[in-house]
Amino acid sequence: MTFIDVKAMMDAMTSTIALPLLDAPCCVSSGDAAMAPAEAETLAKTLKALADPARLRIVSIIAAQDAGATCACDLQEPLGLSQPTVSHHTKVLVDAGILTREKRGTWAYFSLVPGALYSVAAAIAPRR
């Protein structure tokens with residue numbers, strides 16, 4: 001006859017194992033990766049300028065042009081907006097540093113500032 005030591009089995013099942021402790025701090029500092037207040041202020045103004053459906057469409061229309069510059073008169077119809085409204089939106093985008101404005105006779109032509117959209121994307125991308 002075989003006897004089972006129930007007490008030994010229970011002791012084995014309830015024994016504890018010591019786990020190693022990590023010496024890592026509970027909070028990790030963002031260090032130099034955090035955005036500086038002045039940079040955040042500038043980026044917020046740029047994002048605010050882009051945070052309008054009409055302005056996003058203007059940027060999209062201008063970016064899609066092969067000619068490099070788009071006349072303000074070519075923005076009204078696809079946007080379904082009046083000339084004063086288009087003028088207001090393009091001024092906001094120019095002031096934010098996203099578009100440049102070139103006067104040709106009585107017309108204003110707009111083009112993207114080279115690298116402006118990449119700068120916005122890079123500013124909000126994770127930093128390592």
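Index from 1, following the sequence. The model shown is predicted, which means the values in this text are computed figures rather than measured ones.
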*Hey, does the side chain of R101 reach the backbone of T90 with a donor-acceptor pair shorter than 3.5 angstrom?*
no

_Assigning hydrophobic clusters by single linkage (Ile, Leu, Val, Met, Phe, Trp, Tyr; side-chain heavy-atom cutoff under 4.5 Å), is M35 placed with V120?_
yes

*asked:* Hydrophobic cluster membership, with links at side-chain heavy-atom distances under 4.5 Å among I/L/V/M/F/W/Y: are V86 and L93 in one?
replied: yes

*Say whether, by atom type as modelled, one donor and one acceptor occur between the side chain of S60 and the main chain of L56 under 3.5 angstrom.*
no

*Search all heavy atoms of A116 against all heavy atoms of G97 and return the closest pair with its distance.*
CB-O, 3.6 Å

*Apply side-chain contact (heavy atoms from CB on, under 4.5 Å) to R55 and K48, showing your working.*
CA-CA 10 Å; R55 293 184 203 135; K48 185 176 179 181; 5.9 Å; no

*asked:* For V92 and D52: C-alpha separation, side-chain torsions, deciding distance, then whether side-chain contact (heavy atoms from CB on, under 4.5 Å) applies.
replied: CA-CA 11 Å; V92 170; D52 180 279; over 6 Å; no

*asked:* For the CD atom on E102, are there more than 12 heavy atoms of other groups (residues, nucleotides or ligands in this structure) within a distance under 6.0 Å?
replied: yes

*Looking at side-chain heavy atoms only, is the closest gap between S111 and T70 below 4.5 Å?*
no

*In the single-linkage hydrophobic clustering (I, L, V, M, F, W, Y; side-chain heavy atoms under 4.5 Å), do V94 and L112 co-cluster?*
yes

*Is it possible for you to say whether Y109 and I98 belong to one hydrophobic cluster, with membership spreading through side-chain heavy-atom contacts below 4.5 Å?*
no

*Student check: side-chain heavy atoms of T85 and S82 closer than 4.5 Å*: yes

*asked:* Membership question, hydrophobic clusters at under 4.5 Å side-chain separation (ILVMFWY): are L81 and L50 in the same one?
replied: yes

*Minimum heavy-atom separation for L79 to A54, with atom names?*
CD2-O, 4.0 Å

